[in-house]
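Shown next, in structure tokens, is the structure this report addresses.
Heavy atoms only: backbone and side chains are in, while hydrogens, waters and symmetry mates are out. Predicted model only: the values in this text are computed from it and were never measured.
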Amino acid sequence: MFQLLRGPLTVLGRLLLCTIFFMAAVGNKIPHFSDVAKVMESVGVPAPQFLLAGAIVFLLVGSLSVIVGFKGRIGAVLLLTFLVLASYYFHPFWKLEGQAQQEQMIQFMKNLSMMGAMLFVIANGSGPMSVDSLLHKRATAPADERETFAHTSVA
């Protein structure tokens, strides 16, 4: 029974994991580009407009890559890179005290858990029901089965 659910659960997991990154780009960073760049500058991010453009690319490409499972490991590396930098610049709990320190530590720890999830994807790939899995099956299928894949893909 579990094997039957493995594929759909993996797809749902990838979707739930990456929705936050996709929505951060589409719902906040793109429509409020200037404001976000100003905030980045205020916390010491160098070349904020350039790095914000890069962050948007990392968020969009990384999240879509992991969600559909195409080059999911690369997408997870992009998101991991974003998380490391965002955690350092925006959640420096070690510089704060009191309630502010506690709040930023919680945000930092949430990012840390997502970093762990990205390391899991990097180590294990996108799993079943992914483009990577489909491409791997096609590449390793015997020649007569590859013919079948080719005909079903065109139709």
#### Entry: Sub-4.5 Å side-chain heavy-atom contact between Leu59 and Val26
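Not touching, per the 4.5 Å side-chain cut-off.
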**Message:** Is there a side-chain contact between Val77 and Arg73 in this structure, where contact means two heavy atoms from C-beta onward sitting under 4.5 Å apart?
**Reply:**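 Answer no - side chains too far apart.
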Give, for atom [atom1] of [X] and atom [atom2] of [Y], the distance between the pair rounded to the nearest 0.5 Å.
X     : Y      : atom1 : atom2 : answer
Leu60 : Lys29  : CG    : NZ    : 10.5 Å
Asn28 : Asp35  : CG    : CG    : 9.0 Å
Glu41 : Lys38  : CD    : NZ    : 9.5 Å
Met23 : Cys18  : CE    : SG    : 13.5 Å
Arg14 : Leu64  : CZ    : CG    : 12.0 Å
Ser87 : Lys110 : OG    : NZ    : 12.5 Å

Residue list, side chain to side chain donor-acceptor pair (under 3.5 Å) with [X], at least two apart or on another chain:
X      : answer
Gln107 : none
Ser133 : none
Gln99  : Glu103

Quiz item: With sequence neighbours left out, which residue pairs that include part of residues 96-124 fulfil the ring pair (Phe, Tyr, Trp, His ring centres under 6.0 Å) condition?
Solution: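 Of all non-adjacent pairs touching residues 96-124, those that pass ring pair (Phe, Tyr, Trp, His ring centres under 6.0 Å) are Phe93-Phe108, Trp94-Phe108.
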Exercise. So which pairs with a foot in residues 64-87 pass ring pair (Phe, Tyr, Trp, His ring centres under 6.0 Å), sequence neighbours left out?
Worked result: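 Of all non-adjacent pairs touching residues 64-87, none passes ring pair (Phe, Tyr, Trp, His ring centres under 6.0 Å).
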In terms of hydrophobic clustering (I, L, V, M, F, W, Y; side-chain heavy atoms under 4.5 Å; direct or indirect links), are [X] and [Y] co-clustered?
X      : Y     : answer
Tyr89  : Phe21 : yes
Leu16  : Leu79 : no
Val131 : Phe22 : no

Going by chain and number, the hydrophobic cluster around Leu78 (ILVMFWY, side chain to side chain under 4.5 Å) further includes Val57, Phe58, Val61
Residues joined to Val11 in its hydrophobic cluster, side chain to side chain under 4.5 Å directly or through other members, sorted by chain and number, are Met129
What heavy-atom pair brings [X] and [Y] nearest, and what distance separates the two atoms?
X     : Y      : result
His32 : Gly27  : CD2-O, 4.1 Å
Ile20 : Met114 : CG2-SD, 4.1 Å
Gly69 : Ser126 : CA-OG, 3.3 Å
Val66 : Gly75  : CG2-C, 3.8 Å

> Does Asp132 use its side chain to pair, donor to acceptor, with the backbone of Gly72 at less than 3.5 Å?
Replying inline: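 Flag set: sc Asp132 to bb Gly72 pair under 3.5 Å.
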Qualifying residues under side-chain contact (heavy atoms from CB on, under 4.5 Å), relative to [X], sequence neighbours excluded:
X      : result
Leu15  : Thr19, Ile67
Leu51  : Met40, Val45, Pro46
Leu119 : Leu80, Ile122
Gln49  : Phe33, Ala37

* **Stepwise side-chain contact (heavy atoms from CB on, under 4.5 Å) check, Met118 with Leu17** => CA-CA 9 Å; Met118 293 309 148; Leu17 176 62; 3.7 Å; yes
